[in-house]
2 protein chains.
Amino acid sequence: MPKLGMEPIRRAALVKATIDEIGATGTLDVTVSQIAKRAGMSTALAHHYFGGKTQIFLAAMRHILAVYADEVHAALATADGPLARLEAVVRAGFASSNFRPEVVGAWLNFYVLAQSSLDAQRLLDIYQRRLHSNLVHDLRPLVGDRADQAAARIAGLIDGLYLRRGLQQSAHFDLPAADHVLALLRAELKGTTT
Amino acid sequence: MPKLGMEPIRRAALVKATIDEIGATGTLDVTVSQIAKRAGMSTALAHHYFGGKTQIFLAAMRHILAVYADEVHAALATADGPLARLEAVVRAGFASSNFRPEVVGAWLNFYVLAQSSLDAQRLLDIYQRRLHSNLVHDLRPLVGDRADQAAARIAGLIDGLYLRRGLQQSAHFDLPAADHVLALLRAELKGTTT
DNA sequence: GTTGATATTGATTGACTAGTCAATAAAGAA
DNA sequence: TTCTTTATTGACTAGTCAATCAATATCAAC
């Protein structure tokens, strides 16, 4: 059975299984057994490739952030001009892929973990900085010095609405979240928030 | 030792100990032992009064929501007119008492739990509905039909900024979060978000 | 002063968990 | 062929945890 070069395959399978398992249970309280079984291998092998439970979690979180970064990157590539780029960033944040239960579950548990794990805190910092800098980059030519504070508000609204939408499983009658953020963006452009 | 009428005292002690322990560890992954020891009693007694771990958690969450509701209520009592009332609601949300580590920890874990526990979901719903209705009540006389959507944006910004501020332990150079929300409120009043 | 409710705990049970390790098997190199 | 590296697992260890229970002590009522 032992084919060579299994390491990347096994690692990817474990990362995916971890995310799925977190999504299925809703908590970070998943065992290595559950993850390994879902990934189709023994717990010993999971330990062999990752060393420990914490490292498995961190790898899973890194993966989620990487996927999100790719989506934003792709959306930005086709956008022309600051305004279109801003809209692309906002819409990418609310893409339906981000609302799959396992992704929402991973994010929420990510927040919890960021309280106690320095590595998680660092990862979260990277995400927040990247979003902030993306926003400021395209807000600057539109609103000048107010870009920084406008970006803080827009980023906050993105996170807050994501939290609220991610948490309600029921169909919502409300405006799409992205449109709410774009409404705030409009106000920022008119300078009425100062 | 056994004095009568201990039940409410023990229950309150356990609720407080639970919140403190969640704040100290950062996770919901606290044991009944830890909670009971912190509350100065045996684990058996904790089970005796609450039945199980889940019920202890729910009682703790109910307590946090009740305290928050009281704060909002008190802030509203001294506010005169819709605008002052809106400001009071916003400022109450960002009162420093809400940023104590154990409160932030409880909230984040509350969000996680709301994914899998129907009771937690219900409690969260109550909080969200109450905030929304508080906002709409005082926005209506100011912006009319736009009140509902404006409230959704403001509530989202409150939650999002709370999340971001609660998560960063470092001192922040940025604008106070409440002022960001008030900036959005100003834009809503001028009708520039539509 | 007996009965019954309340308060309280130490000890125990049974289930589960992260991580280790020795053993096995294939693949490639020498 | 023999040796080394990679892949893989079953069995095991040592520990933890929620929940139960029997036992004990106090108070109130009758």
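Reminder, nothing fancy here: chain letters follow the sequence lines and each chain counts from 1.
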Among C:dA7, C:dA18, D:dA18, the one nearest B:Tyr49 by side-chain distance: C:dA7
Among C:dT9, D:dA7, C:dA18, the nucleotide that comes nearest once only the side chain of A:Val32 is considered: C:dA18
Atom pair distance, as rounded to whole Å: CG in B:Asp29 and P in D:dT16: 14 Å
Any donor-acceptor N or O pair under 3.5 Å, side chains B:Tyr111, A:Asn109: no
Carboxylate-amine/guanidinium contact A:Arg91 A:Asp179, below 4.0 Å: yes
Candidate nucleotides D:dA7, C:dT8, C:dA18, ranked by approach to the side chain of A:Glu7 - the nearest: D:dA7
Rounded interatomic separation in angstrom, taking CE from A:Met6 and P from C:dA25: 19 Å
5' precedence on DNA chain C between B:Ser42 and A:Gln34 (nearest-nucleotide basis): B:Ser42
Joint cluster assignment, B:Phe94 & B:Val67, ILVMFWY side-chain distance < 4.5 Å: no
A:Glu188/A:Arg153 ion pair, N-O < 4.0 Å: yes
For atom NZ of A:Lys37 and atom P of D:dT8, their distance in whole Å: 19 Å
Selected nucleotide, minimal atom distance to A:Thr31 side chain, candidates C:dT20, D:dT8, C:dT17: C:dT17
Rounded distance (Å) that lies between atom P of D:dA19 and atom CE of B:Met41: 16 Å
Along DNA chain C (nearest heavy atom to each residue), the more 5'-positioned of B:Thr43 and B:Arg10: B:Arg10
Most 5' of B:Thr54 and A:His48 on DNA chain D, judged by nearest nucleotide: A:His48
Between D:dT20 (C1') and B:Lys53 (NZ): distance, integer Å: 17 Å
Rounded distance in Å - NE2 (A:His47) to C1' (C:dG19): 5 Å
Carboxylate-amine/guanidinium proximity below 4.0 Å for A:Asp119 and A:Arg122: yes
Sugar-phosphate only, base, or nothing, as touched by A:Phe50 at under 4.0 Å among non-hydrogen atoms: nothing
Spacing between A:Gln55 atom CD and C:dA18 atom P, to the nearest angstrom: 14 Å
Atom-pair distance (CG on A:Leu45; P on C:dA26), nearest Å: 16 Å
